[in-house]
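Beneath this line is the structure, given in structure tokens, with notes to follow.
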Amino acid sequence: MLSSETIQKIIDVLSWTVLIYMILVILFYSSLYLISAQMVRKQRFRRKESSYLPLMRSLYTRPVSVLVPAYNEEYTIVTSVQALLALDYPEHEVIVINDGSSDGTMDELFKTYELEKELRFPRILIGSQPIKNVYRSRIDARLIVIDKENGGKADALNAGIDYSSYPYFCSLDADSILERDALLKVMKPIVESDEDVIATCGSIFLVNGCTIEGGEIVEIRTPKQRIVLMQMIEYFRAFLFGRLGLSRFNLLLIVSGAFGLFQKSIVVQAGGYKEGLVGEDMELVVRLHRYMKENEINKRIEYVPSPVCWTQAPDTMEVLRSQRTRWHRGLAETLWTHKRMIGNPRYGFVGSVSMLYFFLIELLGPIVELIGYFIIPLNLLVGTLNFEFGIVLLSVALLYGSLLSAGAVLLEEWTMHRFKNVKELIRLYLWSLTESFWYRPILVFFKLGGLIQFMTGRGQWGKMERQRLDEVVSEKTDEKTG
């Protein structure tokens with residue numbers, strides 16, 4: 001039986017550990033925020049003096065294959081393809097990879113785009129599950145549809161890479177919509193760097209609450225559901241100063257599977273997408289960094305904030321839980337797969353800073369936060385709560401979540417200025433201040449569920465509630481591919 005003195009010492013150690021941890025994390029995030037703000041300021045100035053229009057006419061703009069893995073996407077696939085074919089880009093093809101759908105995905109494509117079989121003999125660079133048939137559209141020859149046996153999202157993307165014609169490919173979720181100039185914007189760093197940049201990604205914004213016509217976003221509004229609104233704020237923080245700050249020093253480890261552009265040759269050399277992982281997008285980027293370091297290849301992976309991909313977010317707590325446990329399990333799988341990189345100076349700042357950050361803050365952060373939630377109740381229980389310490393801990397917890405998110409909303413307004421209605425911007429800002437009090441604790445428990453799934457080897461994809469993009473109608477589809 002532990003004595004009351006021993007118990008108090010344990011509580012004191014935990015309390016100071018949580019406080020020091022959170023202060024260090026805040027300092028790290030604040031540094032990223034300042035770096036990102038400085039980069040945003042420079043990019044705003046550049047945008048006033050430059051245009052993406054010359055890229056449309058440039059002989060140096062590389063052709064791109066847009067890869068769209070699809071599993072049971074009958075409600076979104078036509079609108080998504082429509083938007084992709086309408087992109088402002090000199091030369092691109094759209095390859096939809098039907099990954100063994102059991103719904104009407106193929107029927108919708110046949111009906112809308114008049115598909116016909118095509119004999120196509122690709123170079124098998126990576127390999128995938130067997131291909132049933134390959135089709136090309138009679139209406140628009142740029143559209144190719146690969147019908148294959150189910151193998152998961154990574155397998156579908158590998159099939160798309162094998163069948164693609166161009167030296168660069170863009171991976172895109174089937175329920176996403178790219179803005180018309182998004183492909184030009186993510187290609188610009190590659191063209192300007194003379195291919196020293198081998199992968200880029202843009203921002204992901206939430207389509208929930210927006211109005212869509214003809215595959216384009218015609219009105220941007222904040223979603224009505226509070227749970228979706230908080231996800232929107234979370235996306236601002238993750239992209240506008242999380243990824244932007246890391247990108248500044250070539251430390252970016254995530255190119256979102258919803259919207260990423262890659263040089264095909266180096267992805268093939270690195271082995272393509274790895275099957276059997278739920279975080280195949282992050283794992284590929286980490287492996288590219290590892291491949292470049294081990295082979296002394298000096299290339300960059302960059303985040304470009306201005307190109308936007310619109311995607312759907314969960315609008316129920318059940319679906320959000322399924323998504324976030326899966327994401328955290330994917331993070332754990334990737335870090336475990338490349339554990340030799342964590343803190344290893346052989347991999348430069350990628351190993352000693354970025355991998356360490358994802359391990360200590362992103363992966364283990366929920367455990368520390370959970371301990372923090374129980375610190376004050378434990379002190380009250382044993383009757384030794386230090387009032388001043390409690391105030392400091394609560395203040396730090398508030399800064400750790402809510403104020404950083406509020407700063408991200410302001411950074412979005414400074415960077416993108418997407419919300420023309422001031423009331424909507426104020427609504428976003430005020431809700432961001434509540435994050436630490438309800439939304440962040442919910443995510444902590446969801447992420448802990450992902451860690452448990454990783455450690456026990458259990459977990460499933462669950463269901464994702466989709467909207468019919470053109471009619472804004474909620475539907476449910478099994479989410480096995482993405």
Side-chain angles (χ1 to χ4, degrees), residues 36 39-68 83-95 125 142 157 160-161 164-172 176-204 239-240 243-270 281 284-285 288-289 291-292 295 297-309 415-416:
S36 299
M39 293 178 68
V40 165
R41 182 173 177 271
K42 290 181 180 179
Q43 290 181 10
R44 287 185 72 197
F45 176 77
R46 288 173 185 169
R47 281 204 299 271
K48 292 179 181 178
E49 300 193 346
S50 64
S51 170
Y52 293 97
L53 191 60
L55 281 175
M56 284 291 293
R57 306 188 182 100
S58 174
L59 296 175
Y60 301 101
T61 303
R62 281 62 164 172
V64 174
S65 301
V66 181
L67 309 183
V68 186
L84 293 175
L85 292 173
L87 289 174
D88 291 332
Y89 199 80
E91 187 176 2
H92 74 287
E93 63 180 359
V94 177
I95 303 178
L125 303 172
R142 295 175 300 167
L157 287 167
I161 293 171
S164 63
S165 304
Y166 297 140
Y168 285 84
F169 72 87
C170 175
S171 62
L172 192 74
S176 301
I177 294 179
L178 283 184
E179 294 186 346
R180 291 179 68 98
D181 60 355
L183 209 53
L184 279 174
K185 290 179 177 178
V186 291
M187 179 55 75
K188 189 175 184 182
I190 295 172
V191 174
E192 291 180 340
S193 70
D194 195 22
E195 298 189 348
D196 278 343
V197 175
I198 53 96
T200 59
C201 63
S203 298
I204 309 294
F239 282 92
L240 293 180
R243 298 187 187 182
L244 185 58
L246 292 172
S247 174
R248 168 68 176 81
F249 302 101
N250 197 24
L251 300 177
L252 191 64
L253 295 189
I254 300 179
V255 170
S256 175
F259 179 32
L261 183 72
F262 297 88
Q263 185 182 84
K264 183 167 72 174
S265 60
I266 197 164
V267 171
V268 171
Q269 291 167 24
D281 48 359
L284 173 63
V285 177
L288 286 175
H289 276 293
Y291 177 82
M292 289 189 291
N295 291 275
I297 299 173
N298 188 23
K299 302 288 185 179
R300 292 183 54 82
I301 297 174
E302 291 192 1
Y303 163 70
V304 188
S306 54
V308 171
C309 171
T415 309
M416 306 288 190

Validation row: [X], [Y] side chains within 4.5 angstrom (heavy atoms):
| X | Y | value |
| --- | --- | --- |
| Val255 | Asp281 | no |
| Thr200 | Met187 | no |
| Leu183 | Cys170 | yes |
| Leu178 | Leu84 | yes |
| Tyr166 | Val64 | no |
| Val267 | Leu284 | yes |
| Pro90 | Pro63 | no |

Please report the closest heavy-atom contact between Val197 and Pro189, naming both atoms and the distance.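 Minimum heavy-atom contact is CG2-O, 3.9 Å.
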From [X] [atom1] over to [Y] [atom2], what is the distance, rounded to the nearest 0.5 angstrom?
| X | Y | atom1 | atom2 | result |
| --- | --- | --- | --- | --- |
| Lys264 | Leu125 | NZ | CG | 6.5 Å |
| Arg62 | Leu261 | CZ | CG | 11.0 Å |
| Leu172 | Ile95 | CG | CD1 | 13.0 Å |
| Ile266 | Ile301 | CD1 | CD1 | 8.0 Å |
| Leu67 | Ser171 | CG | OG | 7.0 Å |
| Ser65 | Glu93 | OG | CD | 3.5 Å |

Has the side chain of [X] got a donor or acceptor atom that lies under 3.5 Å from a matching backbone atom of [Y]?
| X | Y | result |
| --- | --- | --- |
| Arg142 | Leu85 | yes |
| Lys299 | Glu195 | yes |
| Ser36 | Leu244 | no |
| Ser203 | Pro305 | yes |
| His289 | Leu252 | yes |

Show me the pairs that pass side chain to side chain donor-acceptor pair (under 3.5 Å) and involve residues 248-261, at least two apart or across chains.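 Applying side chain to side chain donor-acceptor pair (under 3.5 Å) to every pair that reaches into residues 248-261, excluding sequence neighbours, yields nothing.
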Phe169 and Phe262 aromatic ring geometry - parallel, tilted or perpendicular at 30°/60° bounds: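 Rings of Phe262 and Phe169: parallel, as their planes differ by under 30°.
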Take Leu240 and Tyr303, measure what side-chain contact (heavy atoms from CB on, under 4.5 Å) needs, and give me the verdict at the end. CA-CA 9 Å; Leu240 293 180; Tyr303 163 70; 3.7 Å; yes
Under the side chain to side chain contact (heavy atoms under 4.5 Å, CB included) rule, collect the residues that match up with Ala83, sequence neighbours excluded.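 For Ala83 the side chain to side chain contact (heavy atoms under 4.5 Å, CB included) partners, ignoring immediate neighbours, are Ile177.
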If you measure from the Lys or Arg side-chain nitrogens to the Asp or Glu carboxylate oxygens, is any gap between Arg300 and Asp196 under 4.0 Å?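 Here Arg300 does not pair with Asp196 in a salt bridge, since their nearest N and O are not under 4.0 Å apart.
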Would you mind checking if Glu179 and Lys185 are paired as a salt bridge, meaning a charged N to carboxylate O distance below 4.0 Å?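 The answer is no: the pair does not qualify as a salt bridge.
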